[in-house]
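Notes follow the structure.
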Amino acid sequence: MTFTPVDDELAHWDATETAIRIAAGDVSAAEVMEAAVDRARAAAPLAAVVTETYEQAVAAAGLIEGPFSGVPTFVKDLANLAGVRTGFGTRALEDYIPTESDPFVDLLIGTGLVSLGKSAAPEFGLTATTEPLDAPPTRNPWDLDRSVGGSSGGAAALVAARVVPIASASDGGGSIRIPAAATGVIGLKPSRGRFPSPQGDSLPVNILTSGVLTRTIRDQVRFYAAAEAQLRTRRLPPVGEVTPMDRPLRIGLATENPVTQPDADVVTVVEDTARLLESLGHTVERVPLIADETFVDDFLTYWAYLAFMLRWTSKAVIDRSFDGRRMEPWTQGLVGLFARRAHRFRGIIASLRAFESAYADMMRTIDVVLTPVTATTAPPIGHLAGDLPFEEHRDRVTRFVPYPAAWNVAGAPALSLPMGHGDDGLPVGVQLGGRLGEESTLLSLGLQVEAARPFPML
């Protein structure tokens, strides 16, 4: 059964139009916020909101200046927003209320966005669905019996269902792009270093970054411009002004992966996108995906390392109430996997670091890589449940999402676009991967594609 969004006029505005209407006086920021609260309450069946701050949002509407002044959003529950509970999707932590916001959240709010609360995420973002064991599963607006993906699943559901036009997200192995693909919205994983990531910078290989989910490319463009006005990194070229692509690109098409055969309907959408790109003047040629079986196994071990560190440091680093014994079976399984493979860790780090160079070498001859985001459309609720036997969960999650992690390890940007539907009527996302620091190329190409073929939304 498909979720039916509240059909008010404001729900159809993207974040850019909402901000323009508020600035022009067509509608007040308070009216926008109250309408969003009504939509959020009507969307309760999605189980996408874990902490509500509706009254505070209405009171704060329009008080923060910026390009998105008065536009409603949600903050992902893996990020800290000062004074609001952070649950990290886990039952291992009690009521933890941070006194400071994460740097990216400060950046987000600094654009004028107003948070309505926290959006649902799986335990520490460690799997590709949003079904924490101590809470109802977050449901896909396209089919309430299907997953929204993960880990930014609550954010994706809220944007897809038109509750808010933009929501914060984060990505350590596909967690922006996977839920974007599952729910038919747009998600850009930025380059390593584009936005501050203190937790990521402390890792042997920084795979963590943050961004936003939207329904239009121009909202992504506006967000990056607003963020860059606050904080420009010297580590990367500026995104700058972005306009629709007006030059031919060399695009590499890669649909195969070392883990599984993607579903035929997913491949059909990706290849149809390739033909569209050719019709727009770009050259498309098939290339091999350089992430091989060794990469997949190494990344899984590195993912397990993250779980291991969370298990044994969260009491000291996050809050004394943390009880690692209450972590979910999938997470505990990852902890055990790393313990068994720890003796190989130094070599795995060397291999992952070498992959970044291999990716850069591949991108010397092409401008963009075109792949699926996921190998199938959104799986049924329960397919990736946190209490499945570990080996079964591992097999299912790697077969569902064999593509996105390569861009986290490479540190390069990757954009998920909703380019069609599978045979089951669910969205199919295609991924455009670029060179390190070249978000502008992906956004420019996205504007061109969106103009040629508007994205199908719920």
Side-chain angles (χ1 to χ4, degrees), residues 6 8-43 48-87 96-119 152 154-155 158-159 161-170 195-196 210-216 218-232:
V6 173
D8 66 66
E9 182 184 5
L10 282 67
H12 293 273
W13 298 345
D14 67 359
T16 298
E17 182 170 3
T18 303
I20 291 171
R21 297 277 191 137
I22 292 172
D26 296 339
V27 65
S28 71
E31 289 172 320
V32 167
M33 211 59 56
E34 289 166 355
V37 169
D38 289 342
R39 295 195 298 270
R41 288 178 171 145
V49 179
V50 295
T51 302
E52 301 173 359
T53 57
Y54 299 160
E55 292 183 6
Q56 299 95 310
V58 173
L63 297 182
I64 303 174
E65 295 184 358
F68 290 118
S69 182
V71 177
T73 191
F74 279 87
V75 173
K76 183 178 176 179
D77 200 34
L78 300 186
N80 288 325
L81 176 60
V84 180
R85 179 182 181 272
T86 305
Y96 167 62
I97 300 177
T99 57
E100 295 182 353
S101 298
D102 289 344
F104 178 79
V105 174
D106 280 335
L107 200 65
L108 183 87
I109 301 303
T111 68
L113 292 167
V114 180
S115 175
L116 288 166
K118 305 299 284 291
S119 62
S152 306
L158 292 163
V159 173
R162 302 188 200 140
V163 175
V164 292
I166 185 170
S168 84
S170 58
F195 298 129
S210 298
V212 292
L213 293 165
T214 64
R215 294 194 300 272
T216 63
R218 73 172 181 171
D219 278 356
Q220 294 279 344
V221 171
R222 189 180 181 96
F223 175 78
Y224 275 77
E228 199 158 69
Q230 297 180 67
L231 177 68
R232 180 175 293 184

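Given the structure is predicted, the values throughout are model-derived calculations rather than measurements. Along the sequence shown, residues carry numbers from 1.
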### Task
I would like to know whether Val71 and Val114 meet side chain to side chain contact (heavy atoms under 4.5 Å, CB included); could you show each step before the answer?
CA-CA 6 Å; Val71 177; Val114 180; over 6 Å; no
### Message
Just by distance, no angles: are the side chains of Thr214 and Asp219 close enough, under 3.5 Å, to form a donor-acceptor pair?
### Response
no
### Query
To the nearest 0.5 Å, how far apart are CG in Asp14 and CD in Gln220?
11.0 Å
### Task
Give a yes or no on whether the backbone of Thr51 and the side-chain of Arg85 come within a donor-acceptor separation of less than 3.5 Å.
no
### Summary
Distance col, row Met33:CE vs Gln56:CD, nearest 0.5 angstrom, shows 12.0 Å
### Message
Looking at Ser101 and Ala82, would you say the former's side chain and the latter's main chain have a donor-acceptor pair under 3.5 Å?
### Response
yes
### Message
Using side-chain heavy atoms (C-beta onward) and a distance below 4.5 Å, is Glu17 in contact with Arg218?
### Response
yes
### Query
Does any N or O in the side chain of Ser69 come within less than 3.5 Å of the main-chain N or O of Ile64, such that one atom is a donor and the other an acceptor?
yes
### Message
Rounded to the nearest 0.5 Å, what separates atom CD1 in Ile166 from atom OG1 in Thr216?
### Response
8.5 Å
### Query
Going from CD on Glu100 to CG on Asn80, what distance comes out if it is rounded to the nearest 0.5 angstrom?
9.5 Å
### Message
If I compare all heavy atoms of Ser152 with all of Leu213, which pair ends up nearest, and what's the gap?
### Response
O-CD1, 3.9 Å
### Message
Just so I know, are the side chains of Val6 and Arg162 near enough to count as touching, which here means a heavy-atom distance under 4.5 Å?
### Response
no
## Note on the structure
In short, Leu158 meets Ser119 closest at the heavy-atom pair CD1-CB, 4.0 Å
### Query
Ala226 and Thr111: which non-hydrogen atoms are nearest, and at how many Å?
CB-CG2, 3.7 Å
### Message
Within this structure, what is the CG-CG distance for the pair Asp106 and Leu81, rounded to the nearest 0.5 Å?
### Response
8.5 Å
#### Entry: Minimum heavy-atom distance Phe68-Thr16, with the two atoms named
CE2-N, 4.2 Å
### Query
Under 3.5 Å, side chain of Ser170 to main-chain N/O of Ser210, donor-acceptor pair present?
no
### Query
Under the side-chain contact (heavy atoms from CB on, under 4.5 Å) test, which residues partner Ala167, sequence neighbours left out?
Thr73, Ala155, Val159, Val164
### For Ser115, the option from Leu108, Val75, Val105 that meets side chain to side chain contact (heavy atoms under 4.5 Å, CB included)
Val75
#### Entry: Closest non-hydrogen atom pair, Leu78 against Thr86
C-CG2, 4.5 Å
#### Entry: Heavy-atom pair with the smallest gap, counting every atom of Leu116 and Pro72
CD1-CB, 3.9 Å
### Task
Please say whether more than 12 non-hydrogen atoms of neighbouring residues, nucleotides or ligands are located less than 6.0 Å from CD in Gln230.
yes
### Message
Rounded at 0.5 Å granularity, tell me how far CG in Leu107 sits from CG in Asp102.
### Response
11.5 Å
### Query
Parallel, tilted or perpendicular for Phe223 and Phe195, by the 30°/60° rule?
perpendicular
### Leu231 side chain reached by Pro196 side chain, heavy atoms, under 4.5 Å
yes
